[in-house]
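Presented below is the structure to which this report refers.
Just so we're on the same page: letters track the sequence lines, and every chain starts at 1.
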2 protein chains.
Amino acid sequence: MAYRAHDVVTRALDVLDAHGLADLTMRRLGKELGVQPSALYHHFANKQSLLAAVADEILARGARPVEAERWQDRVVAICTMLRDSLLAYRDGAEVVATVHAFGLGATQPRDALTGALSGAGLRADDISVGTRTLLHYVYGHTIDEQTHLQADSAGALGDDAAAGVTDRDFANGLELILDGIALRVGVTQA
Amino acid sequence: MAYRAHDVVTRALDVLDAHGLADLTMRRLGKELGVQPSALYHHFANKQSLLAAVADEILARGARPVEAERWQDRVVAICTMLRDSLLAYRDGAEVVATVHAFGLGATQPRDALTGALSGAGLRADDISVGTRTLLHYVYGHTIDEQTHLQADSAGALGDDAAAGVTDRDFANGLELILDGIALRVGVTQA
DNA sequence: ACCTGAACACCGTTCAAGT
DNA sequence: ACCTGAACACCGTTCAAGT
């Protein structure tokens, strides 16, 4: 039944956010649902495809309308929304990046970026290079952020100078890539 | 004894390259060395620090002198060398990226890139943003490549159109980021 | 259709004890 | 200094059997 599978995903997200990816095991999730671990294999072929459903749910919950007109603003809006979506759940960036790398889902951000860059007047291969570069940036940067956030909330003496990466850093790196893309359109950002 | 620890790393690299990261377990490695798994804990505090040593060995084996003069050429040389180093061992990109993310080692590429960008006349925070952006790009791109290579050598009907990412794609994305950095120096590449 | 119970073939890590 | 043996507390997955 479709709604039962979705219940499993909802509970998986609870476990993920409360205890982290390392504790999101089939056995743990079964216990949390009051069910034998083997029962989960009725709804999902294996752990990987459960994680794919979890990743897509993280993205769906973080989805917002992108209102901007200029392609640069659309790209920034999409990347910011993606980062916010990932930061909303513990280990969210790692889950979604892994699922995307294995090609089992999480295609929505790629499609959105490709769509935005298609409105920029780029050659087809620049669209694909730009999309991949942006995705690698957002995933890599956000995994870094989330790793440091957890390290801080654990050991945490709070060396506030070496505090790692900030919102500003994210925006700066994004701008840098955007400038590289804009150069290929023959347009410089104001 | 220092040389015994290095023997463990050497054998770990053999197992990694022959069977992949999933099969690089403490138990498997012990068996391969003719030793109980618990014996490994005399040389390494835990699996993570063993993996850190493996990552550093992958980077050390792939290290080449960087001869270029212009900072752009130095960055390209470093990133290309890094990618080549990672591709030389099965799951090399994932191992090194993970170790780097956890901050347990693999600092050499970051230092090299920071050094190259320091010769470009950038503001301090542009050096750090540029370094991080380049690293995320190389790790992300190379993990993608390696994942697709393995998928191809497994299932592999050889849909040569959908064959994924190439050497050229790597160079193009790198150039794009480099252009974004160059804009911050007030220098456009010829 | 959905779940149980039991099993299979594994993990990382610890620790007293041996040499 | 280096290693063994045994244990602890886990994994993902399969599959006959139940309802």
Side-chain angles (χ1 to χ4, degrees), chain A residues 1-16 18-55 90-91 94-95 98-99 101-105 147 150-151 154-155, chain B residues 1-16 18-55 90-91 94-95 98-99 101-105 147 150-151 154-155:
Chain A
M1 234 172 277
Y3 90 94
R4 285 228 170 262
H6 193 266
D7 286 349
V8 175
V9 172
T10 299
R11 197 59 76 98
L13 266 166
D14 294 345
V15 174
L16 181 70
H19 307 284
L21 182 56
D23 283 14
L24 180 50
T25 69
M26 299 301 265
R27 299 178 108 100
R28 172 73 183 259
L29 185 54
K31 196 162 288 176
E32 214 85 22
L33 288 160
V35 113
Q36 291 293 116
S38 51
L40 300 174
Y41 290 84
H42 245 267
H43 302 289
F44 298 94
N46 47 45
K47 191 181 178 180
Q48 282 272 29
S49 52
L50 202 178
L51 281 181
V54 169
R90 207 211 299 194
D91 292 332
E94 202 179 333
V95 170
T98 303
V99 165
F102 273 65
L104 302 170
T147 304
Q150 285 170 215
Chain B
M1 235 173 273
Y3 90 95
R4 284 227 171 261
H6 193 266
D7 287 349
V8 174
V9 172
T10 300
R11 197 59 75 100
L13 267 166
D14 295 344
V15 174
L16 180 70
H19 306 284
L21 182 57
D23 283 14
L24 180 50
T25 68
M26 299 301 264
R27 298 178 109 101
R28 173 72 182 257
L29 185 53
K31 196 163 287 178
E32 213 86 22
L33 288 160
V35 111
Q36 292 292 117
S38 52
L40 299 173
Y41 290 83
H42 245 269
H43 303 290
F44 298 95
N46 48 44
K47 191 182 179 180
Q48 282 272 30
S49 54
L50 203 178
L51 281 180
V54 168
R90 208 217 289 201
D91 293 331
E94 203 179 331
V95 170
T98 302
V99 165
F102 274 65
L104 301 170
T147 303
Q150 284 169 216

Side chain of A/Val35 - closest among D/dC3, D/dT13, C/dT4: C/dT4

Selected nucleotide, minimal atom distance to B/Ser38 side chain, candidates C/dT14, D/dG12, C/dT4: C/dT14

Heavy-atom nearest nucleotide on DNA chain D taken for B/Arg27 and for A/Leu24; more 5' hit belongs to B/Arg27

Using the side-chain contact (heavy atoms from CB on, under 4.5 Å) rule, pick out the option among B/Leu50, B/Val54, B/Leu13 that qualifies with B/Val8. B/Leu50

Of the options B/Lys47, B/Gln36, B/Lys31, which is the one that meets B/Met26 in a side-chain contact (heavy atoms from CB on, under 4.5 Å)? B/Lys47

Answer yes or no: does a side-chain N or O of [X] lie under 4.0 Å from OP1 or OP2 of [N]?
{"X": "A/Thr25", "N": "D/dC11", "result": "yes"}
{"X": "B/His43", "N": "D/dA1", "result": "no"}
{"X": "B/His42", "N": "D/dT4", "result": "no"}

Provide the Watson-Crick or G-U wobble partner of D/dT14, both distances under 3.5 Å; none if there is no partner. C/dA6

Tell me the partner of D/dT19, counting only Watson-Crick (N1-N3 plus N6-O4 or O6-N4) or G-U wobble (N1-O2 and O6-N3) with both under 3.5 Å; none if nothing fits. C/dA1

Whole-Å distance separating the [atom1] atom of [X] from the [atom2] atom of [N]:
{"X": "B/Leu29", "N": "C/dT13", "atom1": "CG", "atom2": "C1'", "value": "15 Å"}
{"X": "A/Arg28", "N": "D/dG12", "atom1": "CZ", "atom2": "P", "value": "12 Å"}
{"X": "A/Gln48", "N": "D/dC11", "atom1": "CD", "atom2": "P", "value": "17 Å"}
{"X": "B/Met26", "N": "C/dG12", "atom1": "CE", "atom2": "C1'", "value": "8 Å"}
{"X": "B/Asp7", "N": "D/dC2", "atom1": "CG", "atom2": "P", "value": "12 Å"}
{"X": "A/Gln36", "N": "D/dC15", "atom1": "CD", "atom2": "C1'", "value": "14 Å"}
{"X": "A/Phe44", "N": "C/dC3", "atom1": "CZ", "atom2": "P", "value": "12 Å"}
{"X": "A/Asp23", "N": "D/dG12", "atom1": "CG", "atom2": "C1'", "value": "16 Å"}

With rounding to whole Å, what would you report as the distance between C/dC2 and D/dA16 at their C1' atoms? 15 Å

Between A/Ala39 and B/Tyr41, which residue's closest nucleotide on DNA chain C lies nearer the 5′ terminus? A/Ala39

Grab the two heavy atoms, one from [X] and one from [Y], that are nearest each other, plus how far apart they are.
{"X": "A/Leu21", "Y": "A/Asp91", "value": "N-OD2, 2.7 Å"}
{"X": "B/Leu33", "Y": "B/Leu40", "value": "CD1-CD2, 3.9 Å"}
{"X": "A/Leu104", "Y": "A/Ala52", "value": "O-CB, 3.8 Å"}

